[in-house]
Amino acid sequence: MAELRTIILAAGKGTRMKSERPKVLHQVCGVPILQYVLDVARAAGSLKTYVVCGYQLEAVRNFLGPRHTVVRQERQQGTADAVRCVQKHLSGFRGDVLILCGDTPLLSGRVVKQLVRNHRRTKADCTFLTAEVGDPSGYGRVLRDAGGRVKAICEDNDLSGDQKNNMREINVGVYCVQAPALHGVLKQIKINQGKKEYYLTDMVALMSRGGLRVETVTVADTAEGLGVNSRVDLAFAEKVIRRRILEKLMLGGVTIVDPETAYIRENVRIGRDTVIQPCTVIDENVVVGKSCVIGPFTHLRPGSRIGNNVEVGNFAEVSRSSVGKGCFVKHFSFLGDAQLGDYVNIGAGTVTANFDGVHKNKTKIGNRAFIGSDSVLVAPVSVGKGAVIGAGSVVTRGQKIPDRAVAFGVPAKIKSRRSD
Ligand code: UD1
Ligand code: MG
């Protein structure tokens, strides 16, 4: 099978974002837009990716790291010019070239894989993705002959009023092209006199007139073709991706009471029969066990680990902490850099004071310890197994409360011991 390489077009300034940051580095559900596109390329079986950059190239390069080749486009002279910038890297390459735009976070790997598969099955020279949309304004439209064969892509600017309304099949901006055919056609693309840009979309008319085979694949879910151009588009993309994340979790056995107000990152893992109550935020790299109840109004911050059968409830925040099985953290608590054993009870209003102004310090709480309401644990601090901290206590910095001790007061003093 032919080798596949990818070109991602990302040199645009993204003027409508009104931002100091390059458009492709804006985040959707915590992940830069460009990362979604890189994932699509990989899912499609691409072995090498070239990212064409212009505006704030260094920022994009820093994000990409050494795994991908960054190609500079000096002046943004259009999408065909952007592809030409990569040509020297492709000399001698005879496989297929996948061309993607850097601003399409909703595109799925599944659809692009299908595009590549169709391209190879039909032995087409060029296959591109189309969609039927209600409002095609702004997009390039697909022009076909009476037999349904593709003749050209016409850009919105170059269409008459009637054509604009009647042509509803749009060009999504995803192409798979045999490298030799691409090299041949790029030479022939002339500057568009209206926009003073070289349009990659002109390759379709040139190829079809030259007798080369051009095919299309139509994407069913038109949202997939969305290019993020403004912050309004960004919010729309966020909503779609958030919904995808939640659906995956729900299909995996997690109850999400109100998907409208659950904000959960892509790489969060949640066990079966856990219930996510409304207004809950779960950040990246969090793991939640089985049969837990999380929320309402809970924030689990990056890196937290929650065991099985745990309840973390109203207005509780957990940050870089691990919570063992069967614990209760049900009301108004902050756990930061804390390590809880199993069956710990954290009373309402308990706070681990983890930050001393310079360092983040750790709190350790042993199995079956009971922390009374409104206590402050000034880290670094430890509370032993089965120990009890009375309500309203302040366990001061550096204290080590032994196993089964009963301590209370401000500062907390050990008053007695619990029997086994
Ligand atoms: C393009 C297509 C249009 C299609 C639409 C889909 C052309 C001429 N038109 O239009 O048919 O319906 O995408 O969203 O291709 N870029 C560069 N260098 C440049 C110009 C653009 O890298 O000199 C990059 C942009 O950063 C962007 C992508 O190419 O990621 C597409 O460019 P954009 O200006 O958004 O093209 P559209 O007008 O949306
Ligand atoms: Mg665009």
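Reckoned from all heavy atoms, side chains included, excluding hydrogens, waters and symmetry mates. Whatever order the structure lists them in is the order used to number ligands and atoms, beginning at 1.
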- Query: What part of Val172 sits under 4.0 Å from ligand 1 if we count only heavy atoms: the side chain, the backbone, both or neither?
  - Reply: backbone
- By number and element, which atoms of ligand 1 are closer than 4.0 Å to a non-hydrogen atom of Thr201? 7 (C), 8 (C), 9 (N), 11 (O), 15 (O)
- Parallel, tilted or perpendicular: which describes the rings of Phe315 and Phe332, with under 30° parallel and over 60° perpendicular? parallel
- Item | Polar contact flag for Tyr199 and ligand 1 (N/O pairs, less than 3.5 Å) | no
- Message: Hydrogens and angles aside, do Arg5 and Thr69 bring a side-chain donor and acceptor to less than 3.5 Å of each other?
- Response: no
- Query: Is there a heavy atom in Gly227 that sits closer than 4.0 Å to ligand 1?
  - Reply: no
- Note on the structure: One finds that the ligand 1 atoms under 4.0 Å from a non-hydrogen atom of Gln77 are 23 (O)
- Item | Pairing residues for Arg242 by the salt bridge (charged side-chain N to carboxylate O under 4.0 Å, His left out) criterion, not counting sequence neighbours | none
- Task: Enumerate the atoms of ligand 1 whose separation from the nearest heavy atom of Ala82 is less than 4.0 angstrom.
- Result: 17 (C), 18 (N), 22 (O)
- Query: Do Leu9 and ligand 1 have an N or O pair less than 3.5 Å apart?
  - Reply: yes
- State whether a side-chain donor-acceptor pair under 3.5 Å links Thr363 with Thr352. no
- Within 4.0 Å of some non-hydrogen atom of Cys101, the atoms of ligand 1 are 28 (C), 30 (O), 31 (C)
- Task: Check whether more than 12 heavy atoms from other residues, nucleotides or ligands sit under 6.0 Å from atom NZ of Lys164, and answer yes or no.
- Result: yes
- Are more than 12 heavy atoms from other residues, nucleotides or ligands located less than 6.0 Å from atom CZ of Arg110? no
- Task: Determine whether the side chain, the backbone, both or neither of Ala11 has a heavy atom under 4.0 Å from any heavy atom of ligand 1.
- Result: both
- Nearest to atom 9 (N) of ligand 1 by heavy atom, Gln76, Arg75, Glu155, Lys195: which? Glu155
- Task: Using distance alone, determine whether Gly140 and ligand 1 share an N or O pair under 3.5 Å.
- Result: yes
- Does CZ in Arg269 sit with more than 12 non-hydrogen atoms of other residues, nucleotides or ligands closer than 6.0 Å? no
Check: residues 271-280 side-chain donor-acceptor pairs under 3.5 Å, at least two apart:
residue : atom : partner : partner atom : Å
Thr274  : OG1  : Gly289  : O            : 2.7
Thr274  : OG1  : Ser291  : N            : 3.2
Thr274  : OG1  : Cys292  : N            : 2.9
Thr280  : OG1  : Gln277  : O            : 2.9
Thr280  : OG1  : Pro278  : O            : 3.4

- Task: Please indicate whether any nitrogen or oxygen in Asn171 is less than 3.5 Å from any nitrogen or oxygen in ligand 1.
- Result: yes
- Between Gly173 and ligand 1, is there a nitrogen or oxygen pair with a distance under 3.5 Å? no
- Task: Count the heavy atoms of every other residue, nucleotide or ligand shown that sit under 6.0 Å from NE2 of His89, and state whether that count exceeds 12.
- Result: yes
- Task: Report the part of Gln73 (side chain from C-beta onward, or backbone N, CA, C, O) that has a heavy atom under 4.0 Å from ligand 1; answer both or neither where that applies.
- Result: side chain
- Message: Distance under 4.0 Å to a non-hydrogen atom of Gly102: what atoms of ligand 1 satisfy this?
- Response: 30 (O)
- Working to the nearest 0.5 Å, report the span between CZ of Phe355 and OG of Ser319. 12.0 Å
- Query: So which of Asp81, Thr79, Leu226 gets nearest to atom 21 (C) of ligand 1, if we judge by its closest heavy atom?
  - Reply: Thr79
- Query: So which bit of Glu197 gets within less than 4.0 Å of ligand 1, heavy atoms only: side chain, backbone, both or neither?
  - Reply: neither
- Query: What is the distance from atom CG of Asp233 to atom OG1 of Thr104, rounded to the nearest 0.5 Å?
  - Reply: 12.0 Å
